[in-house]
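Below is one structure, written out as structure tokens; the observations come after it.
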Amino acid sequence: MRVVERGKRAVTKNTTREPAGETPREGILSARGIAALTESGGIRPANPYAPDQIQPASLDLRLGARAFRVRTSFLPGSRRSVSDCVRDFSFHAIDLREGAVLETGCVYIAELQETLALPPDLSAGANPKSSTGRIDVFTRVITDHATAFDQVEAGYAGPLYAEISPRTFPVLVRTGSRLSQIRFRRGEVRLREAELAELHARTPLVTAASPSFQGGVAVSVDLAGFDGLIGYRAKRHTGLVDVDAPGRHRTADFWEPLPADGSGMLILDPGQFYILASKESVVVPPDHAAEMVPFDPLVGEFRVHYAGFFDPGFGYADAGGAGARAVLEVRSRDVPFLLEDGQIVGRLVYERMAETPATLYGAGAGSNYQAQGLKLSKHFV
């Protein structure tokens, strides 16, 4: 391991090289690639993986034994570790082994069970899991010496941490809870506009009559309604959501349904959290992965889709996903904002896989949202 100076920035690098043999292919690592990276020491889990922890194109990250209530969100910057910042900004440590409640409006830093020792040509990006975003828990992964959230530089060797901030519902978490996921990529594999158009011609990516590919595939909001509803608005002052208890929370205790009134419009109240759905069905071909751009200031002052990863096979007919919509986690910013039916609210960027996963999304454990329409997180019934 060595430290490389880049101007004023010091970056921890892992100089271990992969075994000689076939040149690794560029692209997003599949489940097989993630398993191989673990076997070679590039990922170092504190405990053996859970059976469904490795997804088709990502790895779920598990909370460790401790979290810290901190007085501010932060990035450590080039000269500090996360532990340095926790020492400076934390109020107290929280033992997660028996479970702990994380309150709304507070910021926590949690140790993660997975540490990294990436090869020099492999980087990573993180995102909240779909179920995390749908309960309005804002979480981001941080590394030592980071100057950006959810980004892991190529060759990084060191621990991972999660910043966690529940926005609407207090949540019960524990050691082993999975709020975030991470993808590993080799090379620059994001598709450009012409490549997206070519891929769409082979495998339609959205059901729009005239799709836009500038900056990614455009996705619009459906305010016409699904079985009489256009979405849900989160209630305030609710009970706890146990993040490890799917199907154990009554929808009516946490959500207000929004009926379709025929207007095709919805005014977003500042600070309120909404679950809506895309007007288009979305498809991710087996040899690609996708990610929703979380916020685009060109389309309005709101954030859409906290949890952005779409695995290979999402919405793919042969994997049982025909007709799958993108569920949108929407929060307006400082002012009320009018959404109209069919308005573009975000864009999907696509990246090539290093190899097609053996098991696509929808065919294995943990595929809770295949063929979804307007759907709350798996916690609610």
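For the ring-ring contact (aromatic ring centres under 6.0 Å, His included) condition, the pairs that include at least one residue of residues 181-208, sequence neighbours left out, are H200-F213. Within the structure, ring-ring contact (aromatic ring centres under 6.0 Å, His included) contacts touching residues 51-80 (residues at least two apart or in different chains) are F74-F89. Legend: side-chain hydrogen bond (donor to acceptor under 3.5 Å, both in side chains) pairs involving residues 256-270, not counting sequence neighbours, sorted by first then second residue: R233-E256, D261-S263. Residue pairs meeting the salt bridge (charged side-chain N to carboxylate O under 4.0 Å, His left out) criterion with at least one member in residues 369-381: none, sequence neighbours excluded.
Y350 and M353 are members of different hydrophobic clusters when ILVMFWY side chains are connected at heavy-atom separations under 4.5 Å.
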Working note: T251 + Y232, criterion side chain to side chain donor-acceptor pair (under 3.5 Å); need CA distance, chi angles, decisive distance, verdict.
CA-CA 10 Å; T251 297; Y232 295 89; over 6 Å; no
What verdict does the side chain to side chain contact (heavy atoms under 4.5 Å, CB included) test give for R331 and T168, after you've listed the backbone C-alpha separation in whole Å, the side-chain angles of each residue and the deciding distance to 0.1 Å?
CA-CA 11 Å; R331 177 183 287 278; T168 297; 3.4 Å; yes
Kindly indicate, with the supporting measurements, whether the criterion side chain to side chain contact (heavy atoms under 4.5 Å, CB included) is fulfilled by E111 and Y161.
CA-CA 5 Å; E111 300 169 336; Y161 300 84; 4.1 Å; yes
Please evaluate residues L96 and V173 with respect to the criterion side chain to side chain contact (heavy atoms under 4.5 Å, CB included), reporting the C-alpha separation (whole Å), side-chain torsions for both, the decisive distance (0.1 Å), and the verdict.
CA-CA 7 Å; L96 299 181; V173 301; 4.1 Å; yes
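In this structure, W255 and F273 have tilted ring planes: the angle between them lies in the 30° to 60° band.
In terms of modelled atom types and a separation under 3.5 Å, the side chain of Q370 and the main chain of Y361 share a donor-acceptor contact.
What you find for T147 and S78 is that their closest heavy atoms are CG2-N, 4.2 Å. Closest approach of L348 to A290, counting heavy atoms only: CD2-CB, 4.3 Å.
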All N/O donor-acceptor pairs, side-chain side in residues 308-318, below 3.5 Å, sequence neighbours left out:
residue : atom : partner : partner atom : Å
D311    : OD1  : R183    : NH2          : 3.3

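Taking Ile, Leu, Val, Met, Phe, Trp and Tyr as hydrophobic and joining them when side-chain heavy atoms fall under 4.5 Å apart, one finds L338 in a cluster with M265, I267.
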